[in-house]
Amino acid sequence: MSHTVTLFKPCELQPGDKIRIVGSKRGGDWEVIKVGDIKMTLRCPVSGKEMTWDRFCYFMDKKKNEPWPLNSPLDKKE
């Protein structure tokens, strides 16, 4: 069976990147200072305040006619 599925892919951010977060309590403009496997550090260009958070930035895409869930018994072809 096929569904419309929303896919999330982590953003590949680099130190020095300028980003704008929209629609979040962390919204606004930020400069990327450090990116690790789990945490990222951002700096506000106005106040200079640095914040370290779990990585939370993702690209989103919607795909139609996708199998869902993956690896269900019905998806296996024998």
Side-chain angles (χ1 to χ4, degrees):
M1 179 175 251
S2 294
H3 301 273
T4 298
V5 178
T6 302
L7 307 173
F8 291 88
K9 178 182 175 186
C11 290
E12 295 300 323
L13 298 171
Q14 303 289 328
D17 285 351
K18 310 308 193 249
I19 66 172
R20 179 168 295 141
I21 300 170
V22 180
S24 166
K25 66 180 181 179
R26 298 175 179 146
D29 290 339
W30 296 92
E31 180 180 1
V32 178
I33 302 301
K34 184 177 176 183
V35 181
D37 290 336
I38 298 171
K39 300 280 186 179
M40 60 193 277
T41 302
L42 305 177
R43 178 179 13 212
C44 173
V46 176
S47 70
K49 187 172 184 178
E50 292 187 10
M51 302 297 293
T52 300
W53 292 305
D54 287 343
R55 290 182 67 174
F56 63 92
C57 296
Y58 294 87
F59 287 113
M60 184 189 82
D61 191 16
K62 286 194 185 260
K63 299 259 181 166
K64 292 186 178 188
N65 300 316
E66 286 286 307
W68 186 89
L70 287 177
N71 301 319
S72 72
L74 298 175
D75 293 335
K76 294 180 181 176
K77 294 180 182 177
E78 298 182 33

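Owing to the predicted nature of the structure, the values given are computational and were not obtained by experimental measurement.
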Review point. In Å, rounded to the nearest 0.5 Å, how long is the span from NZ of Lys64 to OG of Ser2?
Key: 12.5 Å
Practice item. Quick one: closest heavy-atom pair of Val5 and Glu66, and the distance? Key: CG2-CB, 3.6 Å
Review point. Under the side-chain contact (heavy atoms from CB on, under 4.5 Å) criterion, do Thr6 and Met60 qualify, and how do the steps go?
Key: CA-CA 7 Å; Thr6 302; Met60 184 189 82; 3.4 Å; yes
Review point. If we only count heavy atoms from C-beta on, is the Lys18 to Pro45 side-chain gap below 4.5 Å?
Key: no
Review point. In Å and rounded to the nearest 0.5 Å, what is the NE2 to NZ distance from His3 to Lys62?
Key: 14.0 Å
Check your understanding: Who passes side chain to side chain contact (heavy atoms under 4.5 Å, CB included) against Asp37, sequence neighbours left out?
Key -> none
Exercise for review: Under the side-chain contact (heavy atoms from CB on, under 4.5 Å) rule, what do Met40 and Thr52 come out as? Steps first, then yes or no, please.
Suggested key: CA-CA 6 Å; Met40 60 193 277; Thr52 300; over 6 Å; no
Practice item. Could you list the residues that satisfy ring pair (Phe, Tyr, Trp, His ring centres under 6.0 Å) with Phe56, not counting sequence neighbours? Key: Trp53
Check your understanding: Got Lys9 and Asp61 here, is their nearest side-chain heavy-atom distance under 4.5 Å?
Key -> no
Review point. With sequence neighbours excluded, what pairs up with Val32 under the side chain to side chain contact (heavy atoms under 4.5 Å, CB included) test?
Key: Leu13, Asp17, Ile19, Val35, Leu42
Exercise for review: Calculate, to the nearest 0.5 Å, the distance between atoms CH2 and NZ belonging to Trp30 and Lys49 respectively.
Suggested key: 8.0 Å
